[in-house]
Undergrad: 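Quick one: the structure is below, questions incoming.
Order of the sequence lines fixes the chain letters, A, B, ..., with proteins taken first and strands second; residue numbering starts at 1 for each chain. Values below: all heavy atoms of this structure, side chains included; hydrogens, waters and symmetry mates excluded.
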Amino acid sequence: MDPVAFKYLGAGLACIGMGLAAMGVGNIFGNFLSGALRNPSAADSQFARAFIGAALAEGLGIFCLVVALVLLFT
Amino acid sequence: MDPVAFKYLGAGLACIGMGLAAMGVGNIFGNFLSGALRNPSAADSQFARAFIGAALAEGLGIFCLVVALVLLFT
Amino acid sequence: MDPVAFKYLGAGLACIGMGLAAMGVGNIFGNFLSGALRNPSAADSQFARAFIGAALAEGLGIFCLVVALVLLFT
């Protein structure tokens, strides 16, 4: 079997990791919105922290994308 | 089959680990925000701890990236 | 098939274990923060215990990294 076949398989598996990172981001914003709608007056001060957390989780998802693109185009 | 084919497969599998680490980060920040919006006055003192936890989980995700990059480029 | 090919496959699978360990760390800190923000006066005395738990979970993730590195570099 051609080794290049496994590049396509690896890129597909990397996308599973990207999807899992999206679940992490979804968990952060889901909990933020759940709390913000219960106590809207505090939401403004906490949104920056929600964004820091989402950036950390999103970063790991972007790394998955980088690995997938490296697999596809090198 | 060429052993190098399995490097691509291994790099894709490492990305699944990266995504799972992002779920861990999402869980930490999700619970932090859920509590911080319920009790905003205590949020400042606990944010440093949320960050320590997120750094520990993020670190394991970065190790996955290291393994993936070692697989791709060595 | 060359046995060395499966080293790369094994290193990728070890990263899934690392990601799952990060989920465990996330669960510990998530629950700690959830409780600490509800009762901030007790948080200082319990943080050391959260750290012990996180270190145990993180340790298992590091063992996965060790296995992955042994697979890659020996």
Undergrad: Determine whether B:Ile52 and C:Phe51 make a side-chain contact, defined as any pair of heavy atoms from C-beta on separated by less than 4.5 Å.
TA: yes
Undergrad: To the nearest 0.5 Å, what is the distance between CG on C:Leu9 and CG on C:Leu13?
TA: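 Answer for the CG-CG pair, C:Leu9 versus C:Leu13, is 5.0 Å.
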Undergrad: Please determine if B:Asp2 and B:Lys7 form a salt bridge, counting it only when a charged side-chain N lies under 4.0 Å from a carboxylate O.
TA: no
Undergrad: Drop me the distance from B:Met23's CE to B:Met18's CE, to the nearest 0.5 angstrom.
TA: 15.5 Å
Undergrad: Measure distances from B:Leu56 to the heavy atoms of chain C and classify the residue's part below 4.5 Å as side chain, backbone, both or neither.
TA: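 Both the backbone and the side chain of B:Leu56 come within 4.5 Å of chain C.
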Undergrad: Quick check on the interface: out of B:Ser41, B:Ala14, B:Ser45, who has the most heavy-atom pairs with chain C under 4.5 Å?
TA: B:Ala14
Undergrad: With a 4.5 Å limit on heavy-atom distance, are the side chains of C:Cys15 and B:Ile16 in contact?
TA: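 Not in contact.
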Undergrad: Hey, can you pull the donor-acceptor pairs under 3.5 Å for the side chains in residues 24-38 of chain B, sequence neighbours left out?
TA:
residue: B:Asn27; atom: OD1; partner: B:Asn31; partner atom: ND2; Å: 3.1
residue: B:Asn31; atom: ND2; partner: B:Asn27; partner atom: O; Å: 3.2

Undergrad: Which residues, numbered in order, of residues 65-74 of chain B come under 4.5 angstrom of chain C by heavy-atom distance?
TA: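 Within residues 65-74 of chain B, the residues that come under 4.5 Å of chain C (heavy atoms only) are B:Val67, B:Val70, B:Leu71.
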Undergrad: For B:Ala57 and C:Ala22, which heavy atoms make the closest approach, and how far apart are they?
TA: O-CB, 3.9 Å
Undergrad: Looking at B:Ala54, B:Ala50, B:Gly61, B:Ala43, which one has more heavy-atom pairs under 4.5 Å with chain C than the rest?
TA: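 The residue among B:Ala54, B:Ala50, B:Gly61, B:Ala43 with the greatest pair count is B:Ala50.
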